[in-house]
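Beneath this line is the structure, given in structure tokens, with notes to follow.
Along the sequence shown, residues are numbered consecutively beginning with 1.
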Amino acid sequence: MENDSNNEIMGELKSRNKKQVHLFYCMECEELARKVAAHSQLITLQSINWRNFDDGFPNLYINNAHDIRGQHVAFLASFSSPAVIFEQLSVIYNLPRLFVASFTLVLPFFPTGSFERMEEEGDVATAFTMARILSNIPISRGGPTSLVIYDIHALQERFYFGDHVLPLFETGIPLLKQRLHQLPDADKIVVAFPDDGAWKRFHKLLDHFPTIICTKVREGDKRIVRLKEGNPADCHVVIVDDLVQSGGTLIECQKVLVAHGAAKVSAYVTHGVFPKRSWERFTAQKNDEKGFAFFWITDSCPRTVEAIRNKAPFEVLSLAGSIADALQI
């Protein structure tokens, strides 16, 4: 009886600690924002009037600004191009100053993450620039801004952020694991990493699957993908990486795996960037080529989600539930 009473008390305390969150969002993220809100009755969607003056600069208005005083507020952002960053930053810098109890910025894809180092004097590490911009978000009444990012390209980028923000680095890998367990050939799954960097980034999250590591070697002016370790024979091999741009490495990796006997090859990336419609390389497969069985992405890049909708082999694993959970941290 005493244990039951203690459990009831703990459950009541947990429910009391749940936050009612007012979620604002950029125009690109409306679909994802609605999915996030559908996951929890504690999340209320709020709106912003996204307009422009005649000279092209943003003319913005935050609706219900008085009503969010003393409330927990979040903003769902998508920095899909330099053109949309300024208008979103204008809102992001303003929301914490509206006397809100706390402010959380959800930026599922940190866009400059792959430009995090200098190879020679004169290179500009724009990942550091972006981190500095976000580190200067004003402090709200509740303290520093919480910044939620999924599968940032390099974990050491956490040290680029200043003390005015609290970065929370989440991952889409649990969504992939859940999907893989649903497959009829789940017992035949082998995870492949296209290079050592991807292995270092994700292998601990996928350590219960057999693994394969590919590597890139330079032959003359070309970089060739080779199998470094592991055996793909007769298996359904899933290539895992944080993001895809042109997709060239994934395609070369798939060819090597098939040449070594893989029964099927699929791919997962958290961020399907696909500039210049490069996703078309994966839908326009020739009859004599063995293409990808599945290509899983998350909805961290809304423009890509819209472009590949209902196009095989693509399948979207939504971050909505994970984001809803993160807003309660």
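- Using a 4.0 Å cut-off between charged nitrogen and carboxylate oxygen, E280 and R277 count as a salt-bridge pair.
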Inset, instruction - Check step by step if salt bridge (charged side-chain N to carboxylate O under 4.0 Å, His left out) holds for D185 and K264. - result: CA-CA 10 Å; D185 57 355; K264 285 193 288 189; 3.1 Å; yes
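- A ring-centre distance under 6.0 Å is not found for Y93 and F103.
- Aromatic rings from F274 and F295 are positioned such that their centres are separated by under 6.0 Å.
- A donor-acceptor contact shorter than 3.5 Å is absent between the side chain of E306 and the backbone of R303.
- A salt bridge does not link K228 to D195: none of the charged nitrogens lies less than 4.0 Å from a carboxylate oxygen.
- In this structure, I224 shares a hydrophobic cluster with V217, the cluster being traced through Ile, Leu, Val, Met, Phe, Trp and Tyr side chains under 4.5 angstrom apart.
- The shortest distance between side-chain heavy atoms of F202 and F193 falls below 4.5 Å.
- A side-chain donor-acceptor contact under 3.5 Å links S278 to the backbone of P275.
- In terms of modelled atom types and a separation under 3.5 Å, the side chain of Q328 and the main chain of K19 share a donor-acceptor contact.
- Here the two rings, on F292 and F282, have centers that are under 6.0 Å apart.
- Put simply, the side chain of D299 gets close to the backbone of L319: a donor and an acceptor are under 3.5 Å apart.
- Pairs of residues two or more places apart, or lying in two chains, that qualify as salt bridge (charged side-chain N to carboxylate O under 4.0 Å, His left out) and include a residue from residues 310-329 are R179-E315.
- A salt bridge links R309 to E31: at least one charged side-chain nitrogen sits closer than 4.0 Å to a carboxylate oxygen.
- Taking NE2 of H260 as the start and CG of D234 as the end, the distance is 13.5 Å to the nearest 0.5 Å.
- Proximity of a side-chain donor or acceptor of S78 to a complementary backbone N or O of C29 within less than 3.5 Å is not detected.
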